[in-house]
Amino acid sequence: MKNCCYTILEFRHAVELTGTQGGTIRGNLYELDYQQHFRHVVEASQPVSVNRLFYEHGTRDIPDGQYFDGSPDRVLGNFLRYEAQPHDPAVLQEALRQEQHSRGRAVPGDFKAHVTALHDSRIETEARRIVDKLKDLSAPNSPNKTHFMVEISPHFDALASTKDNDRLFAMLPYKSLCFTSIKDRHGVYAMINKDERRDVSIRKPRPSIRKQLADSKQATSPKKAAARTKKNELEV
């Protein structure tokens, strides 16, 4: 890739795309203090002079703030893309050089750990939503009025594996809980008996023994951890 590209993951990490290898996009992951990073971006930003419009057979510049769209040009052909051009290109290049240099001091991020955290958060968020919805019900709402029920989010259900559903089930604090479908209705429902207590909170999952041992081992090996590279290669 000619230019580096960034995106923000949950306001906690930045991804630098560095190129491709065997058809796979590759890059580096950097951990961010989002508030500090936002202030830095505002302070380091460069004013735009013109927008350069690229067409099949050439380019044309228009002043910043002037409206334009993707319509073809009668002379230059179909519109392809545009680029914002700075007042002083040399200042911009120096700012980019400094940013690249500063990334060498960035805190390394763990892409797999970040994805795992997002995944765990999605399950816990769904568990809290179901618990809150069941608390809000004033009367049994099952077809035969013998149970309280809440539909599992279709978005969660579409992405959830069997293991995810097992973890969701384990976090819901009800003895009579079952996940079930209902005749003539779409979706899957979390259902409990009408006599079940609903003034309860979700069960927090217990940390695994394997993870505790791994964390303990890493904490007792600071030299080995410090020897790791500052960049974590990721694949998309």
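Basis for what follows: all heavy atoms, side chains included, without hydrogens, waters or symmetry-related copies. These numbers were taken from a predicted model, which means no experiment stands behind them.
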Validation row, ring centre F54 to ring centre Y82 under 6.0 Å: no
Sole residue of L172, V131, I152, I202 in side-chain contact (heavy atoms from CB on, under 4.5 Å) with E126: I152
Side-chain donor or acceptor of R26 paired with backbone N/O of G19 under 3.5 Å: no
Heavy-atom donor-acceptor pair, K135 side chain to V200 backbone, under 3.5 Å: yes
Selection residues 63-74 - residue pairs positive for side chain to side chain donor-acceptor pair (under 3.5 Å), sequence neighbours left out: D69-S71
Side chain to side chain contact (heavy atoms under 4.5 Å, CB included) partners of S49, counting only residues at least two apart: H87
Heavy-atom side-chain contact between N193 and Y174 under 4.5 Å: no
Donor-acceptor under 3.5 Å (E196 side chain, S176 main chain): yes
Main-chain N/O of S121 paired with T125 side-chain donor or acceptor, under 3.5 Å: yes
Salt bridge (charged side-chain N to carboxylate O under 4.0 Å, His left out) contacts in which one or both residues fall within residues 155-165, not counting sequence neighbours: R122-D164
Test side-chain contact (heavy atoms from CB on, under 4.5 Å) applied to V150 and R129, step by step: CA-CA 9 Å; V150 170; R129 187 191 71 84; 4.3 Å; yes
Whether R81 side chain and L53 backbone form a donor-acceptor pair below 3.5 Å: no
Contact summary for Y55 and L80, nearest pair of heavy atoms: O-CD1, 3.5 Å
Check: F179 ring centroid to F169 ring centroid under 6.0 Å: yes
Reported CG-to-NE2 distance for the pair L137 and H147, which is rounded to 0.5 angstrom: 13.5 Å
Close side-chain approach of H57 to V75, heavy-atom, < 4.5 Å: no
Donor-acceptor under 3.5 Å (E56 side chain, N78 main chain): yes
N/O donor-acceptor pair under 3.5 Å between T20 side chain and G23 backbone: no
Check against salt bridge (charged side-chain N to carboxylate O under 4.0 Å, His left out), E124 and K204: CA-CA 8 Å; E124 182 173 335; K204 294 291 289 184; 2.9 Å; yes
Minimal non-hydrogen separation, M191 against S142, with atom names: CE-CB, 4.4 Å
Steps toward side-chain contact (heavy atoms from CB on, under 4.5 Å) verdict (R198, K133): CA-CA 10 Å; R198 291 177 291 125; K133 288 285 187 181; over 6 Å; no
Shortest non-hydrogen separation from Y189 to R185 and the atoms involved: OH-CD, 3.7 Å
